[in-house]
Amino acid sequence: MCIFAALSTDEIYMQRCLELARLGAGNVAPNPMVGCVIVHNNIIIAEGWHKQFGGAHAEVNALALVEDESLLNSATLYVNLEPCSHFGKTPPCANLLVQKNIRRVVVSMLDPNPLVAGKGIAILQDAGMEVKVGVLEDECHQLNKRYLTFIEKKRPYIILKWAQTHNGFIAPDASKMSAGQFEKDRHITGKIIQKLVHKWRTQEGAIMVGTNTALLDNPALNAREWNGKQPLRVVLDQHLRLPKHLKIYDHSQATWIVNGSKESIDGDLNYVQIIFSEDWFSQLLQRLYKAGIQSMIVEGGLQLLNHIIEHKAWDEAIVFYSPSQIENGIPAPLIGGKIIQQLSIDGVNMIQYKKI
C-alpha cells in the first residue's frame with residue numbers, strides 16, 4: 001500500500017494499465033504496448049491488454065470481459081495510449097467506446113501516429129465523454145520508447161549491449177592466445193545474465209553483430225534460453241567473406257547479410273546491399289524501418305559499436321561490468337549518456353545508459 005501512497009486514484013489505475021501493457025512485450029510490434037482497466041465504483045470490473053500484433057486491442061479485450069454492460073455508463077476506462085480512430089487490422093477502438101456508452105476515459109498519452117494523433121480523443125469528446133489525458137505520461141513514453149522512435153523518427157530504436165571485464169576488455173584477443181584459451185576467456189558473464197539477455201532478445205525486432213564477432217564467436221543470435229519470438233539476425237559482412245558453415249547460415253530464423261555487392265533472397269536468408277562509401281548505418285536503419293523492424297539490439301564487437309557511438313546513432317546502452325579479468329583483450333568502447341538504471345546481477349554490475 002505504501003508503494004501507491006503518493007499516487008492519485010487515476011495514477012494507481014493507470015499504473016495497472018502499464019503493468020498489463022508490458023505483458024505484450026515482444027509480441028505486438030510494430031504496434032505499441034497498451035493495457036486497459038475498467039473501473040466502477042473504485043472496483044476493477046475488467047482489464048485487458050494488446051496481446052498479439054493483428055489481434056484485438058487492449059480496450060476490446062477488456063470490454064469483452066465486462067459481465068454487466070449496464071455498469072459502463074457510470075464507469076471509467078483507463079488506457080495508456082489514445083484509443084485508435086482508424087480501421088487497420090481491427091476496427092477503431094474509439095468508436096467502440098462510444099457504442100458502449102462509457103462515461104469517462106482516462107488516457108496516459110496521445111498517439112503520435114498520424115492516423116490517430118488526437119482524432120481518437122476528438123471522437124470521445126464529440127460523443128460527450130469526460131476525457132482526461134496526461135496521467136503517468138512519462139512512464140508511458142518510456143514503456144513505448146521503441147514505438148515512439150519508430151513513428152516519430154522513422155527508424156528502429158537502437159540498443160547497444162556489451163559486457164566488459166574489470167580491466168576494461170570486451171573480449172580476448174584471439175591473435176594472442178590459443179583457440180582453447182580464447183574459448184575459455186570469451187565468456188565474461190555467467191548463465192543467469194545469459195538467460196536475461198536471451199529474454200531481452202525476444203523483446204526486440206532484430207539483433208546485430210559485425211563481421212569479426214560472427215567469425216570468431218560463431219554466435220547463433222537466437223533466444224534459445226527463453227521461450228519467445230526470435231529476432232531478425234542482422235550480420236555485417238561488407239565483402240561477403242564469412243564462411244557458410246557459421247550458425248548464421250543455418251536457416252533457423254530470418255537473417256540479413258548486410259553487404260556491399262549482393263541483393264537477393266534465399267528463403268529466410270536475405271542479402272541486403274548497401275553503399276559502404278556513404279552513411280551505411282543510416283541506410284541500414286531505413287531498410288529495417290521499411291521492413292517494419294521497430295527495434296534492434298547491437299551486440300558488438302568494438303569496431304561496430306564504436307561506429308554507432310561516434311555517429312550518435314544509438315538510443316540506449318546496456319553494459320555489464322564484470323569482476324573477471326583477461327590478460328590480452330580488445331578494449332571496451334567508451335560510452336557517455338545519462339545513467340537511467342543500475343543493478344547488481346549475479347555479482348555483475350549492470351548500468352543502463354540513455355543518449356543525451
Side-chain angles (χ1 to χ4, degrees), residues 156 158-164 169-189 193-194 197-198 200-202 204-225 230-276 280-281 283-285 287-288 291 293 295-309 313-314 317-318 320 326 329-333:
I158 301 301
I159 303 169
L160 309 181
K161 184 199 74 68
W162 70 85
Q164 64 183 70
F169 296 121
I170 61 170
D173 188 339
S175 67
K176 297 180 180 179
M177 60 184 65
S178 66
Q181 188 63 40
F182 174 82
E183 182 62 26
K184 177 178 178 293
D185 287 352
R186 76 181 183 90
H187 297 287
I188 295 175
T189 57
I193 290 178
Q194 183 184 44
V197 168
H198 282 226
W200 288 344
R201 288 178 178 180
T202 67
E204 309 304 339
I207 178 172
M208 183 180 186
V209 295
T211 309
N212 289 335
T213 299
L215 186 62
L216 295 174
D217 292 356
N218 191 19
L221 300 180
N222 58 24
R224 59 193 176 277
E225 297 289 338
Q230 297 292 343
L232 168 71
R233 298 187 291 201
V234 179
V235 182
L236 189 64
D237 187 12
Q238 180 178 356
H239 303 295
L240 293 177
R241 64 184 180 90
L242 292 175
K244 296 298 190 292
H245 66 76
L246 295 179
K247 294 174 184 176
I248 59 170
Y249 287 107
D250 63 9
H251 290 276
S252 63
Q253 66 201 78
T255 303
W256 281 16
I257 306 298
V258 181
N259 68 96
S261 59
K262 182 178 180 180
E263 182 83 30
S264 66
I265 298 176
D266 177 16
D268 52 16
L269 184 63
N270 191 351
Y271 289 90
V272 177
Q273 183 181 3
I274 58 178
I275 303 171
F276 280 85
W280 66 265
F281 193 67
Q283 294 174 56
L284 173 60
L285 294 186
R287 293 291 297 268
L288 290 166
I293 301 300
S295 62
M296 181 168 71
I297 187 165
V298 181
E299 295 198 358
L302 180 62
Q303 187 175 347
L304 176 58
L305 289 169
N306 273 342
H307 178 88
I308 296 171
I309 292 170
W314 61 284
I318 299 171
F320 293 99
I326 53 180
I330 298 171

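Two residues are said to be in side-chain contact when any heavy atoms from C-beta on lie closer than 4.5 Å; Ile188 and Phe320 fail this criterion. Side chains of Ile318 and Trp200 form a contact here, defined as non-hydrogen atoms less than 4.5 Å apart. Counting heavy atoms from C-beta on, the side chains of Leu284 and Val234 come closer than 4.5 Å. The shortest side-chain heavy-atom distance between Thr255 and Asp268 does not fall under the 4.5 Å cut-off. Using a 4.5 Å heavy-atom threshold, the side chains of His307 and Gln303 count as separate. Between Leu236 and Gln238 there is no side-chain heavy-atom pair separated by less than 4.5 Å. The shortest side-chain heavy-atom distance between Gln273 and Lys262 does not fall under the 4.5 Å cut-off. Between Leu221 and Pro231, the closest side-chain pair of non-hydrogen atoms is not below 4.5 Å.
Partners of His251 by ring pair (Phe, Tyr, Trp, His ring centres under 6.0 Å), not counting sequence neighbours: none found. Considering only residues two or more places apart in sequence or on other chains, Ala317 meets the side-chain contact (heavy atoms from CB on, under 4.5 Å) condition with Leu160, Trp314, Ile335, Tyr353. Residues satisfying the side-chain hydrogen bond (donor to acceptor under 3.5 Å, both in side chains) criterion with Trp162, sequence neighbours excluded, are Gln164. Every side-chain contact (heavy atoms from CB on, under 4.5 Å) that Ile275 has, sequence neighbours left out, goes to Ser277, Glu278, Gln283. Every side-chain contact (heavy atoms from CB on, under 4.5 Å) that Ala291 has, sequence neighbours left out, goes to Trp256, Ile293. Residues passing the side-chain contact (heavy atoms from CB on, under 4.5 Å) test with Gln230 are Asn222, Ala223, Gln253, sequence neighbours excluded. Ser295 meets the side-chain hydrogen bond (donor to acceptor under 3.5 Å, both in side chains) test with Glu204; sequence neighbours excluded.
Contacts classified as salt bridge (charged side-chain N to carboxylate O under 4.0 Å, His left out) and involving residues 236-258 (residues at least two apart or in different chains) are given here: Arg233-Asp250.
With rounding to the nearest 0.5 angstrom, the CE atom of Met208 is 13.0 Å from the CD1 atom of Ile297. The distance from the CZ atom of Phe281 to the CD1 atom of Ile274 is 9.5 Å, given to the nearest 0.5 Å. To the nearest 0.5 angstrom, Ile308 atom CD1 is 8.0 Å from Leu285 atom CG. We find the CG-CD1 distance between Leu305 and Ile330 to be 11.0 Å, quoted to the nearest 0.5 Å.
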Subject >> Stepwise side chain to side chain contact (heavy atoms under 4.5 Å, CB included) test for Val209 and Ile248 >> reply: CA-CA 11 Å; Val209 295; Ile248 59 170; 5.7 Å; no
**OP:** Any chance you could lay out the side chain to side chain contact (heavy atoms under 4.5 Å, CB included) test for Val235 and Leu246, step after step, and finish with the verdict?
**Re:** CA-CA 11 Å; Val235 182; Leu246 295 179; over 6 Å; no
Original post:
Going through the checks in order, is the side chain to side chain contact (heavy atoms under 4.5 Å, CB included) test met by Glu299 and Val197?
Top reply: CA-CA 10 Å; Glu299 295 198 358; Val197 168; 3.7 Å; yes
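More than 12 heavy atoms of other residues, nucleotides or ligands lie within 6.0 Å of CD in Glu225, so this atom counts as buried by the packing criterion.
Across all non-hydrogen atoms, the minimal contact from Pro156 to Leu288 is CG-CB, 3.7 Å. Between Leu242 and Ala214 the shortest heavy-atom distance is CD1-CB, 3.9 Å. Shortest non-hydrogen contact noted between Ile309 and Pro333 is CD1-CB, 3.8 Å. The minimum heavy-atom distance between Ser264 and Asn270, with the atom names listed, is O-OD1, 3.2 Å.
Listed for the Asp217 side chain is no donor-acceptor partner under 3.5 Å among the backbone atoms of Pro219.
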